[in-house]
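Notes follow once the structure below has been shown.
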Amino acid sequence: MRKLALASIRHRLGGFAGVFVAVLCASALLTALGVLFESGLRAGVAPQRYAGAAVVVSGPSSLPAAQDLDVPLSERAPLPADAVARVAAVPGVARAVGESSAPVVVPGEPGAVALGWSSASLTPLALRDGVEPRGPGEVVLDAALADRVGARVGDRPPLAFGGAPEPHVVTGVAAATGVDTGRRPALFLTDEQARARSGRPDQVDVVGVLAAPGVDPDDLADRVRAALTGLGAEVRTGAARGDAEFTDVGRVRSELVVLTLAFAGTTLLVAVLVVAGTLGLSIRQRARELALLRAVAATPGQVHRLVGAEVLITAGAAAVLGAGPGFAAAHLMRDAFAGAGLLPADFALELSPLPPLAAVLLVVATARVAGWFAARRAASAPPVDALREASVEPAGLGRARVVSGQASLALGLGVATTPLFMPGQLGAAAAASSALLLVIGAALLGPLLVGRVARSLARPLRALSPVGGHLAVEGVAANARRLATVVTPMVLAVATASVQLFTQTTVSAAAAAQADDGVVADFVVSGPAGLAPEVTEAIRAVPGVRQATPVVRSQVFAAAVVLGDPQVTAYAAQGLPAGGFGDTLDLRPREGDLTALRGDAAAPGAAAAATIGVGVGDRVDLRLGDGTAVRPTVVALYDRGLGFGDVTLPRDVLAAHTTTRLDHSVLVLTDGSAGPGLAALAERFPGLAVQDRAAVEAAGQAGRDAQSWTSLIALLVVLGYLAISVVNTLVMATVERSREFALLRLVGTGRRQVVRMTRVEALLVVGIAVVVGTAAATPALIGVSIGLTGSPLPSVPPLAYLAIVGVTALLGFAAVGIPTRLALRARPVDVIGVRG
């Protein structure tokens with residue numbers, strides 16, 4: 001059977017080449033996503049400033065989820081200061097160092113951090129020049145930072161903590177040997193000053209452990225872990241120390257896992273549809289050959305074994321060869337994600353044989369199952385019926401296929417209405433999935449759809465081109481199954497692109513509109529490293545300022561029950577002063593009293609409240625950004641959650657559980673005369689930015705923008721695969737018609753008329769794909785819009801939609817037109833005698 005399969009493949013290289021391309025691209029894409037997924041679980045950034053520590057202890061970095069991935073915390077969870085002494089008492093510990101940190105503004109050096117001098121031993125850093133800091137106003141600079149800003153011992157560089165400038169003299173410059181410490185600029189204060197600047201003098205960020213000579217780090221870590229039982233501390237060694245140093249790495253790993261899982265599911269479904277469609281088209285093109293095998297006494301089992309052997313040989317070779325490009329695609333996607341802000345530029349990928357192995361097994365199994373279903377009719381039909389169907393496509397579809405298609409359409413429409421009775425993020429997520437169900441239904445009913453549309457458009461198409469239009473309509477109606485296979489990937493591309501892209505534009509547009517309408521202050525003041533309370537007091541002292549409202553930004557976490565299982569979700573949160581924001585911020589309250597927002601109180605947005613399942617007067621179980629559990633009373637609900645955060649808490653409550661304990665911005669209401677005074681204030685405080693209200697950014701918009709870009713990148717990769725599949729399928733279908741074109745020319749049809757016929761067919765195919773794809777996406781987008789914004793009208797930028805339509809049309813016309821012109825170059829009499 002293997003020899004016969006190889007001979008069949010050699011005889012029909014064109015048809016099997018299409019299958020080969022579809023499987024190879026699917027294998028490469030799944031391998032790339034698998035590499036990113038595994039990297040999200042295992043990879044990261046090597047430690048830099050903790051390179052000299054054998055063990056690093058930090059607070060919990062995530063919330064455990066019983067049946068799901070752990071949810072990363074948005075803020076650093078500190079440890080009690082006495083944890084340093086507890087660690088120091090562990091046998092094998094030479095020294096335990098508690099590190100406290102605070103953000104500092106150094107002009108031209110974003111992300112700089114101030115640390116206590118004792119933590120320099122964890123790198124280790126040694127003084128290159130000068131002496132260590134010994135009192136207030138003294139600072140040691142990391143050598144790389146000192147070189148970049150041109151500072152030397154005795155200089156007084158401009159430094160600001162919380163936006164407030166403070167004079168410091170450089171007493172020393174420290175350097176590390178053989179360790180790269182350039183990822184985050186650092187300077188060193190005395191330990192006492194660092195703890196005071198952190199805002200948590202009774203806590204530390206991490207505890208670094210220097211091991212005694214000959215002590216194994218892993219054994220020491222076990223002993224440290226036992227000594228800290230009950231604190232929930234995380235004890236790390238080796239490369240995992242980087243997660244304690246760079247808290248952003250742990251968060252982005254989790255985001256990478258979630259992103260790749262989501263797109264891997266979509267990609268796998270796309271691959272199933274594409275590979276199944278390509279195989280089905282390839283086997284239908286061989287219908288006469290398989291029918292003849294049945295006529296000469298081949299059993300159904302032998303036909304299945306032949307097709308199975310062909311599929312395994314072709315798909316197996318393609319899947320294995322796709323692994324190499326998959327690794328290259330993973331690196332390209334990593335670079336693109338880093339450019340979009342999801343991943344750090346130095347995030348390393350984890351490379352192992354598991355992703356390509358899983359991709360090969362998945363796509364080969366998919367191809368084998370698809371091949372069995374595609375060959376089922378040819379293998380089971382009586383030989384005479386099989387020969388008849390090889391010449392003329394059977395009218396209608398099987399009852400099981402029709403019922404399955406109708407059920408998929410009905411289920412898709414039903415799922416799209418989920419936000420009507422389950423508002424919020426959960427309902428919106430369910431609605432978004434309805435597009436795939438509608439596409440599957442359209443694929444199952446595709447031949448009926450294509451045939452009926454062709455008949456209904458017969459008159460206008462014949463008016464467009466009398467000969468070409470007539471031939472196109474008759475050809476499409478007679479070969480509806482073939483063209484339905486071509487339409488399916490195009491429908492999937494239009495629907496997938498529309499749902500993913502316009503969901504993001506809908507959320508962004510609603511958030512921006514809410515932020516613009518809700519900010520009634522005149523100015524927004526912000527700083528690159530947060531704003532200390534003294535900055536707010538200085539703003540209030542400016543003549544003409546009527547009110548200054550400090551705003552803290554963070555995240556909170558709440559559990560919601562989905563299909564009987566609790567799921568923890570992160571929500572954007574803001575902290576506002578109790579009762580002191582009414583003149584600068586309008587959240588559009590729906591229920592309750594926002595002036596009661598003080599102490600043990602919370603006000604969720606209406607959509608978030610619906611998702612969590614709470615109302616006014618209820619207690620809501622929340623985890624703050626550092627993991628602290630709180631149970632405030634809901635005192636109000638408001639409508640502008642997308643613009644200002646899903647949950648609003650008293651400022652002091654939220655700020656106490658952020659990493660910096662600083663304000664994100666200050667909303668300023670004036671009498672119209674405070675502009676010059678605020679401008680002067682910006683000159684006084686380094687990095688302070690004073691903008692008008694139009695420049696305010698919706699809560700969580702930066703994170704949404706980064707997520708949107710990364711989702712768009714992943715979407716473009718999937719759409720690239722779909723584009724290749726569309727072209728591949730169209731070329732296969734067009735090349736197979738060489739004998740049909742030759743016969744038309746022999747009976748008097750001109751070359752131009754054949755070209756016009758294929759153009760009309762391409763127009764019909766593209767039109768059906770665009771209309772059906774748009775129809776499949778529309779219920780999903782309406783449901784998403786209702787769930788997230790309360791409005792049934794999604795935001796669909798016309799140019800973006802036209803771009804989707806234009807690319808679809810370009811692919812369709814090019815993939816049909818080019819093979820047609822190549823097929824028409826040969827003499828009809830030479831082609832007509834060649835068996836396909």
Side-chain angles (χ1 to χ4, degrees), residues 19-46 68-70 72 238-240 242-243 249-276 311-340 342-370 496 710-722 724-725:
V19 177
F20 185 91
V21 169
V23 174
L24 184 144
C25 292
S27 175
L29 184 51
L30 288 173
T31 297
L33 291 172
V35 169
L36 292 174
F37 173 76
E38 186 176 18
S39 300
L41 295 175
R42 302 181 183 179
V45 176
D68 206 343
L69 294 171
D70 290 350
D243 287 358
V249 174
R251 288 195 293 270
V252 300
R253 280 215 318 264
S254 297
E255 293 173 5
L256 186 61
V257 168
V258 173
L259 179 70
T260 51
L261 276 178
F263 275 94
T266 301
T267 301
L268 185 58
L269 179 58
V270 168
V272 168
L273 292 175
V274 168
V275 172
V311 169
L312 289 177
I313 292 172
T314 306
V320 171
L321 292 176
F327 282 111
H331 282 86
L332 291 175
M333 291 177 71
R334 189 274 313 272
D335 293 342
F337 288 159
L342 174 68
L343 297 179
D346 51 357
F347 187 87
L349 293 182
E350 182 76 17
L351 304 179
S352 78
L354 292 179
L357 179 62
V360 168
L361 292 176
L362 280 172
V363 295
V364 170
T366 296
R368 182 64 187 90
V369 173
T496 302
T710 52
S711 297
L712 183 60
I713 292 167
L715 172 64
L716 289 175
V717 173
V718 176
L719 290 179
Y721 170 56
L722 276 171
I724 294 172
S725 303

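The structure displayed is predicted, hence computed values, not measured ones.
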Discussion item. In the structure I gave you, are the side-chain heavy atoms of Phe20 and Leu321 within less than 4.5 Å of one another anywhere?
Written reply: yes
Worksheet item: Any side-chain heavy-atom pair from Met333 and Leu33 closer than 4.5 angstrom?
Response: yes
Worksheet item: Is the backbone of Leu349 close enough, under 3.5 Å, to the side chain of Ser39 for a donor and an acceptor to pair up by distance?
Response: no
Worksheet item: Can you tell me how far the CZ atom of Arg334 sits from the CG atom of Leu36, to the nearest 0.5 Å?
Response: 9.0 Å
Item to complete: State the CG-CG distance between Leu29 and Leu24, to the nearest 0.5 angstrom.
Response: 11.5 Å
Worksheet entry | Whether Ser27 side chain and Val23 backbone form a donor-acceptor pair below 3.5 Å | no
Worksheet item: Looking at residues at least two apart in the chain, or sitting in another chain, which of them share a salt bridge (Lys or Arg N to Asp or Glu O under 4.0 Å) with Arg253?
Response: Asp243
Fill in: Closest contact, heavy atoms only, Val364 versus Ala319
CG2-CB, 3.9 Å
Item to complete: Could you tell me which non-hydrogen atom of Pro355 sits nearest to which non-hydrogen atom of Thr31, and how far apart they are?
Response: CB-O, 3.8 Å
Worksheet item: Can you name the closest pair of heavy atoms from Ala359 and Leu30 and give their distance?
Response: CB-CB, 3.8 Å
Item to complete: Run the numbers on His331 and Leu351 for side-chain contact (heavy atoms from CB on, under 4.5 Å), then give the verdict.
Response: CA-CA 10 Å; His331 282 86; Leu351 304 179; 4.0 Å; yes
